[in-house]
K.L.:
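Would you mind keeping the following structure in view while I ask a few things?
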Protein chains: 2
Amino acid sequence: MAAPAILSRVIPMPLPKSMPPPLRAVGAAPGCSGCVLRELCLPHSTPDEALDAIVTQRLRVRRGETLVRRGDPFTALYAIRSGSCKSVVTTPGGQEQVAGYHIAGDVMGAEGIYATRYDCTVAVLEDSEFCVMPFDRLSALARDNRDLQRSVNEMLSREISRERRLMLMLGTMRAEQRLAAFLLDLADRYRARGYSSSEFILRMTREEIGGHLGLKLETVSRLFSRFHQDGFIRVQGKEVKLIDRAALQQLVDTAPA
Amino acid sequence: MAAPAILSRVIPMPLPKSMPPPLRAVGAAPGCSGCVLRELCLPHSTPDEALDAIVTQRLRVRRGETLVRRGDPFTALYAIRSGSCKSVVTTPGGQEQVAGYHIAGDVMGAEGIYATRYDCTVAVLEDSEFCVMPFDRLSALARDNRDLQRSVNEMLSREISRERRLMLMLGTMRAEQRLAAFLLDLADRYRARGYSSSEFILRMTREEIGGHLGLKLETVSRLFSRFHQDGFIRVQGKEVKLIDRAALQQLVDTAPA
DNA sequence: CGTAAGTTTGACTTACATCAAGTTTTGTGG
DNA sequence: CCACAAAACTTGATGTAAGTCAAACTTACG
């Protein structure tokens, strides 16, 4: 198989300086068994035996680069080891929707399995590191391992649920509810990763957040200001601190009408 | 395991003609190998050997009944053999979003694999017949059959793509674009099933369509009237006839601004 | 055949978008 | 490290697409 576009942009892992640059290094990669993100990234059902065979290489990608492009042949799932990115879908008319804001522990690319091509472009928001999980390898491993097969199914199913929640948000909520829900969801995800769930740095611009929530950047900015004034949060550019979570939650839960 | 709610309302498999109304099983499954919907329902990779073992029973459900409820334990995927339904997600605040409008050949329930519970309520829009694919059976079959395993993955992945398109629509399009996209998508799906792609009967009310597209029923109604006046379609209640597909397509493709 | 559910259409309101101008932050090269 | 240009952000004034409220009409079903 021809090397997918992405591999041509691989930056060698800086770990042991002596190691040849990636592309092999299967067992040589640190493996998932000791990874702190394991619980998030692979479903709990993932069997230990398989763990260190799934990830064949690590990739470093710099802020502003593209990890996969819409239409690229599907070859692998990518897990975020560190950093963050957004996945973007585009209408025929050129409008952009940020389908996901992904942070460490998230797995991306699952939509490509059926279509054999990725249908999102994944843009890297800060210097990041990814674990590459070639899909035919994953499938082969799963064939001999019932639990791993289940893990793959769960991973896909989890993605369906995630998107359904987003759809629900876009279809039913008003602007302030969307932003509140976004912030609370983000906080939960940071907590699950052991980071502070009340204080974090947004890696997306107001425009990108707007593109995610189906709003314009001015609306996002105004809402941040309003939440700040109302004492729900403290914002300073990209730094956000949640002050009154209950209030945000109540915003989300309260029917608009 | 306790009998899942859905199955408790099912009558044992081999059965006579005279059954009490709702949710009734309609006899031993004829198998998928001769089914006209096979191409749509199961991915092309599905191996012949597995085909007749996947569906264990057929269910008849009458209009207005509920096939699965949000929160029910996940046990099976359901394929629509004939008829149609909507799947509904609900916000904490009680707002409803119609996550999908499903017609013959569609498979539902995939989101439950991860969560072990369904997270949509599926309401039946007209008297319909379903093929029940118990998931542990499907998994077991897939374990011994690489192609079937792939089919399951593809089925899930296809659902992710479907939802992503809907998300894109909700996040970026204006009302008239949404309705146009909805009609064109529906037409395509009918064509793929061998039905007329230019003339069909909507089984959803204006309110349900609105709930699907993130609009209010009055807006949907007005748009139908406008499309009618503009000569794009001909509407008469639930009967719709597409007249000028190109015009609808152009609406969808034209950037709003 | 009658009643309830669904649909259409109009008048009015509103949440968010758009346009615009000024301020702050970021990142780069001297 | 600073300077300065570009990008990102904030805030106000105004516009508009879609929502809300309301009333009359049509369709479907028990």
Side-chain angles (χ1 to χ4, degrees), chain A residues 62-65 86 93 95-98 123 125-127 169-180 182 201-230 233-240 251 254-257, chain B residues 21 62-65 86 95-98 123 125-127 169-180 182 201-230 233-240 251 254-257:
Chain A
R62 291 204 301 196
R63 170 216 172 97
E65 298 281 321
K86 60 170 180 175
Q95 295 275 99
E96 286 194 353
Q97 166 74 18
V98 177
L125 297 169
E126 63 189 307
D127 296 1
M169 185 181 82
L170 292 173
T172 68
M173 292 185 183
R174 287 176 305 104
E176 56 174 19
Q177 295 181 291
R178 294 183 201 186
L179 188 63
F182 172 71
I201 302 206
L202 297 166
R203 299 296 177 174
M204 292 203 287
T205 65
R206 304 284 126 116
E207 187 169 19
E208 289 166 326
I209 295 170
H212 188 43
L213 304 180
L215 305 170
K216 292 295 161 189
L217 72 297
E218 294 95 329
T219 304
V220 175
S221 178
R222 277 185 243 272
L223 286 170
F224 271 125
S225 302
R226 207 167 92 212
F227 285 178
H228 185 104
Q229 284 182 341
D230 294 349
I233 65 175
R234 187 155 292 270
V235 230
Q236 162 80 283
K238 311 220 170 214
E239 289 164 51
V240 176
L251 260 187
T254 305
Chain B
R62 291 205 303 196
R63 170 217 174 98
E65 298 282 323
K86 61 170 180 175
Q95 294 277 99
E96 286 194 353
Q97 166 72 19
V98 176
L125 298 170
E126 62 188 307
D127 295 1
M169 184 180 84
L170 292 172
T172 68
M173 294 186 184
R174 288 177 303 104
E176 56 174 21
Q177 296 181 292
R178 294 183 200 187
L179 187 62
F182 171 71
I201 300 202
L202 297 167
R203 300 294 177 175
M204 291 204 288
T205 65
R206 304 286 125 114
E207 188 169 20
E208 288 167 327
I209 295 170
H212 188 43
L213 304 179
L215 304 170
K216 292 295 161 191
L217 72 297
E218 295 95 330
T219 304
V220 175
S221 179
R222 276 184 243 274
L223 285 170
F224 271 126
S225 302
R226 206 167 93 213
F227 284 179
H228 185 103
Q229 283 182 342
D230 293 350
I233 64 175
R234 188 154 292 269
V235 229
Q236 162 81 284
K238 311 223 170 215
E239 290 164 50
V240 175
L251 260 188
T254 304

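Chain letters run A, B, ... following the sequence lines, proteins first, then strands; residues in each count from 1.
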K.L.:
In whole Å, I'd like the distance from the CZ atom of B/Arg62 to the C1' atom of D/dG30.
P.N.:
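Roughly 13 Å, once rounded to whole Å.
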K.L.:
Do B/Leu202 and B/Phe182 have side chains that get closer than 4.5 Å, going by heavy atoms?
P.N.:
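Touching, per the 4.5 Å side-chain cut-off.
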K.L.:
With sugar-phosphate meaning primed atoms plus P, OP1 and OP2, does A/Ser221 contact a base, only sugar-phosphate, or nothing at under 4.0 Å between heavy atoms?
P.N.:
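Answer is base: heavy atoms of A/Ser221 come under 4.0 Å of a base.
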K.L.:
Taking the minimum atom-to-atom distance to the side chain of A/Gln236, which one of C/dT25, D/dT27, D/dA18 wins?
P.N.:
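Of all the options, the side chain of A/Gln236 is nearest to C/dT25.
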K.L.:
In whole Å, I'd like the distance from the CZ atom of B/Arg174 to the C1' atom of C/dC16.
P.N.:
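Taking CZ of B/Arg174 and C1' of C/dC16, I get 14 Å after rounding.
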K.L.:
How many Å lie between CD1 on B/Ile201 and P on D/dT27, as a whole number?
P.N.:
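So the CD1-P distance, B/Ile201 to D/dT27, works out to 14 Å.
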K.L.:
Quick check for you: to the nearest 0.5 Å, what is the distance between A/His212 atom NE2 and A/Lys86 atom NZ?
P.N.:
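Rounded to the nearest 0.5 Å, the NE2-NZ separation comes to 11.5 Å.
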K.L.:
Atom CZ of B/Phe224 to atom P of C/dT9: distance rounded to whole Å?
P.N.:
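Between P of C/dT9 and CZ of B/Phe224: 13 Å.
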K.L.:
Quick one: is D/dA28 close enough that its OP1 or OP2 comes under 4.0 Å of any side-chain N or O from B/Lys238?
P.N.:
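So the side-chain polar atoms of B/Lys238 never come under 4.0 Å of the phosphate oxygens OP1 or OP2 of D/dA28.
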K.L.:
Tell me if a side-chain donor or acceptor on B/Glu207 pairs with a main-chain N or O of B/Lys216 at a distance below 3.5 Å.
P.N.:
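Here the side-chain-to-backbone pair does not exist.
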K.L.:
With sugar-phosphate meaning primed atoms plus P, OP1 and OP2, does A/Gly210 contact a base, only sugar-phosphate, or nothing at under 4.0 Å between heavy atoms?
P.N.:
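No contact at all - A/Gly210 keeps every heavy atom at 4.0 Å or more from the nucleic acid.
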K.L.:
Any donor and acceptor pair, going by atom type alone, linking the side chain of B/Arg203 with main-chain N or O of B/Leu125 inside 3.5 Å?
P.N.:
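Flag not set: sc B/Arg203 to bb B/Leu125 has no pair under 3.5 Å.
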K.L.:
Taking OP1 and OP2 of D/dG19, is either one under 4.0 Å from a side-chain nitrogen or oxygen of B/Thr219?
P.N.:
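Yes, because at least one side-chain N or O of B/Thr219 sits under 4.0 Å from OP1 or OP2 of D/dG19.
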K.L.:
B/Arg63 near the nucleic acid: base, sugar-phosphate alone, or nothing, with a heavy-atom cut-off under 4.0 Å?
P.N.:
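B/Arg63: backbone/sugar contact only, no base atoms under 4.0 Å.
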K.L.:
With sugar-phosphate meaning primed atoms plus P, OP1 and OP2, does B/Leu217 contact a base, only sugar-phosphate, or nothing at under 4.0 Å between heavy atoms?
P.N.:
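Answer is base: heavy atoms of B/Leu217 come under 4.0 Å of a base.
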K.L.:
Hey, does A/Glu239 reach any base, or is it just sugar-phosphate, or nothing, if we go heavy atoms under 4.0 Å?
P.N.:
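Here A/Glu239 touches no strand at all.
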K.L.:
Does B/Arg222 have a side-chain nitrogen or oxygen under 4.0 Å from the phosphate oxygens OP1 or OP2 of C/dT9?
P.N.:
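For C/dT9, OP1/OP2 do not have a side-chain N/O of B/Arg222 under 4.0 Å.
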K.L.:
Which whole-number value in Å describes the distance from A/Arg178 CZ to C/dA15 C1'?
P.N.:
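Whole-Å distance recorded here is 11 Å.
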K.L.:
What is the distance, to the nearest angstrom, from the CG atom on A/Leu202 to the P atom on D/dC9?
P.N.:
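Roughly 9 Å, once rounded to whole Å.
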K.L.:
Using side-chain heavy atoms (C-beta onward) and a distance below 4.5 Å, is A/Val240 in contact with A/Phe227?
P.N.:
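No - every pair of side-chain heavy atoms lies 4.5 Å or more apart.
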K.L.:
For B/Val235 and A/Met173, find the nucleotide of DNA chain C closest to each by heavy atoms; which residue's nucleotide sits nearer the 5' end?
P.N.:
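Its nucleotide being nearer the 5' end, the pick is B/Val235.
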K.L.:
To the nearest angstrom, how far is B/Arg206 atom CZ from C/dT7 atom C1'?
P.N.:
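In whole Å, C/dT7 C1' and B/Arg206 CZ are 7 Å from each other.
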K.L.:
Let's see if you can work this out: which of D/dG19, C/dG10, C/dC19 has an atom nearest to the side-chain heavy atoms of A/Glu218?
P.N.:
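Of D/dG19, C/dG10, C/dC19, C/dC19 is nearest to the side chain of A/Glu218.
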K.L.:
What's B/Ser225 touching, base or sugar-phosphate or nothing? Going by heavy atoms closer than 4.0 Å.
P.N.:
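The residue B/Ser225 makes sugar-phosphate contact but no base contact.
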K.L.:
Rounding to an integer number of Å, can you tell me how far B/Leu223 CG sits from D/dA18 C1'?
P.N.:
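The answer, rounded to whole Å, is 9 Å.
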